[in-house]
Amino acid sequence: MPKKKYKMSPKDMAMVVDRVMPMEGEWKRFMGRPEERGCWLVWGRSFSGKTRLVLALAKYIAEIGYKVAYLSLEEGNSVSMRKAFREACMESVNERLMLWVEMDVEDMKAELRKQRSPQVVVIDSLQYLGINYQGYKELKREFENKLFIFISHANEKKEPMGATAVRIRYDAMVKILVDGFRAKAFSRYGGGEVMTVWEYGALQNPEGESGLEKMEEI
């Protein structure tokens, strides 16, 4: 699909209506009010609280009125994923959130081309999706009015794992590091308050909060 080209004056730009998510409370303090399209990246090491955080975020986004799809590539419809959905009380957003399993990139695109398709897609995980940076750019270009939330593994240095994830981190409008069951968002829309994903887990990992506080925007 060819890239759209156009010119805008400052007056034209001032007339564009901002399409932002009406975040409130702890979510607004965490990440501000981000644009309702584009790309976010969430990363962290295994057992850091990534899935727990993203499920809570997906549920909140559905609660404020968006239709959400959770593409479960790693765990599918496994016992652990069903347990995570139950613990997150996903039944309360049953009409606005759907679990997608057994789909590859082309299957996902076909679903998103349909009328009334989800506006927000969570992809768990970027490594299992198997696209390179060019594929990522093509996905973003074709579905320019969708929001993609990618979950990524992290290496021992707490950085996104793999060249594609690293490049997406720089492009993402919201970048969220999860460590020791705490999370910090580097957002272009405000926020910045550290969020506790799981109180008991965070208490067992006291170094997590100090590590997040020391990190600078990426």
Original post:
Can you check side-chain hydrogen bond (donor to acceptor under 3.5 Å, both in side chains) on K146 and S117, steps first, answer last?
Top reply: CA-CA 10 Å; K146 305 287 188 185; S117 63; 2.6 Å; yes
Worksheet entry | Aromatic ring pairing F148/F143, orientation class (parallel under 30°, perpendicular over 60°, tilted between) | perpendicular
ask   = Are any non-hydrogen side-chain atoms of W40 and V120 less than 4.5 angstrom apart?
value = no
Do R19 and N145 come close enough that some side-chain heavy atom pair is under 4.5 Å? yes
- Side chains of K184 and L177 in contact at under 4.5 Å (non-hydrogen atoms): no
In short, V174 meets P34 closest at the heavy-atom pair CG2-CB, 4.0 Å
Closest heavy-atom pair, A154 versus W43, reported as atoms and distance to 0.1 Å, is CB-CD1, 3.9 Å
To the nearest 0.5 Å, atom CG of L55 lies from atom CE of M90 at 4.0 Å
Does I149 belong to the same Ile/Leu/Val/Met/Phe/Trp/Tyr cluster as V101, with side-chain heavy atoms less than 4.5 Å apart forming each link? yes
Counting only heavy atoms not in M98, do more than 12 sit closer than 6.0 Å to its CE atom?
no
On a heavy-atom basis, the closest approach of D104 and D107 is OD1-N, 2.8 Å
Open item on the list: Whether the S48 and K158 side chains hold a donor-acceptor pair (N or O, under 3.5 Å, no angle test) is what I'd like checked.
Closed with: no
CZ (R29) and CE (M195) are apart, to the nearest 0.5 Å, by 8.0 Å
Are I168 and P160 packed together at the side-chain level, in the sense that at least one heavy-atom pair is separated by less than 4.5 angstrom? no
>> Determine whether a donor-acceptor pair (N or O, by modelled atom type, separation under 3.5 Å) exists between the side chain of E75 and the backbone of S80.
In response: no
Scanning both residues in full, the closest heavy-atom pair of V197 with L53 reads CG1-N, 3.7 Å
* Asked: Under the 3.5 angstrom rule, does the side chain of S78 hit a backbone N or O of M81 as a donor-acceptor pair?
  -> yes
Please determine whether residues I64 and Y189 belong to a single hydrophobic cluster, defined as Ile, Leu, Val, Met, Phe, Trp and Tyr linked transitively by side-chain heavy-atom distances below 4.5 Å. yes
Self-check item: Note: E35-R188 ion pair, threshold 4.0 Å (strictly below)
Solution: no
Quiz item: Do V122 and L57 come within less than 4.5 Å of each other through their side chains, counting heavy atoms only?
Solution: no
Closest heavy-atom pair, L73 versus S125, reported as atoms and distance to 0.1 Å, is CD1-O, 3.8 Å
Nearest heavy-atom contact between R33 and M23 is NE-O, 3.0 Å
Handout entry: Hydrophobic cluster identity match, L126 and M161, side-chain contacts under 4.5 Å
Key = no
**Message:** Set out, in order, the CA-CA distance, both residues' side-chain angles and the distance that settles side-chain contact (heavy atoms from CB on, under 4.5 Å) for R96 and V68, then state yes or no.
**Reply:** CA-CA 6 Å; R96 294 188 296 277; V68 181; over 6 Å; no
Salt bridge or not for R45 and E156, using N-O below 4.0 Å?
yes
The single option from T164, V42, L129 that satisfies side chain to side chain contact (heavy atoms under 4.5 Å, CB included) with F150 is L129
### Query
Hey, are the side chains of M21 and M31 touching, using non-hydrogen atoms and a 4.5 Å cut-off?
no
If Ile, Leu, Val, Met, Phe, Trp and Tyr residues are connected whenever their side-chain heavy atoms lie under 4.5 Å apart, and connections chain through other members, are Y128 and Y136 in the same group?
yes
Notebook entry, point to check: Taking side chain as C-beta onward, heavy atoms only, is E142 less than 4.5 Å from E138?
Noted result: no
Check your understanding: So if you build clusters from Ile, Leu, Val, Met, Phe, Trp, Tyr with side-chain heavy-atom gaps below 4.5 Å, do Y133 and V121 land together?
Key -> yes
Under a 3.5 Å distance rule, please check whether K175 uses its side chain to pair with a backbone N or O of F186 as donor and acceptor. no
| message | For E95, I'd like to know if atom CD has over 12 heavy atoms of other residues, nucleotides or ligands within 6.0 Å. | response | no
Taken to the nearest 0.5 Å, the spacing of K137 NZ from Q134 CD works out to 4.5 Å
Value for CD1 (I131) from CE (M108), rounded to nearest 0.5 Å, stands at 6.5 Å
> Using 30° and 60° as the class limits, which term best fits the ring planes of Y200 and W198: parallel, tilted or perpendicular?
Replying inline: tilted
So CD1 of I61 and CG of L147: to nearest 0.5 Å the spacing works out to 6.0 Å
Q.
Is the shortest side-chain heavy-atom distance between K59 and F85 below 4.5 Å?
A. no
>> Are more than 12 heavy atoms, taken from residues, nucleotides or ligands other than F47, located less than 6.0 Å from that residue's CZ atom?
In response: no
message: Can you confirm whether more than 12 heavy atoms, excluding those of E91, are under 6.0 Å from its CD atom?
response: yes
Rounded to the nearest 0.5 Å, the CZ atom of R52 sits from the CD atom of E87 at a distance of 5.5 Å
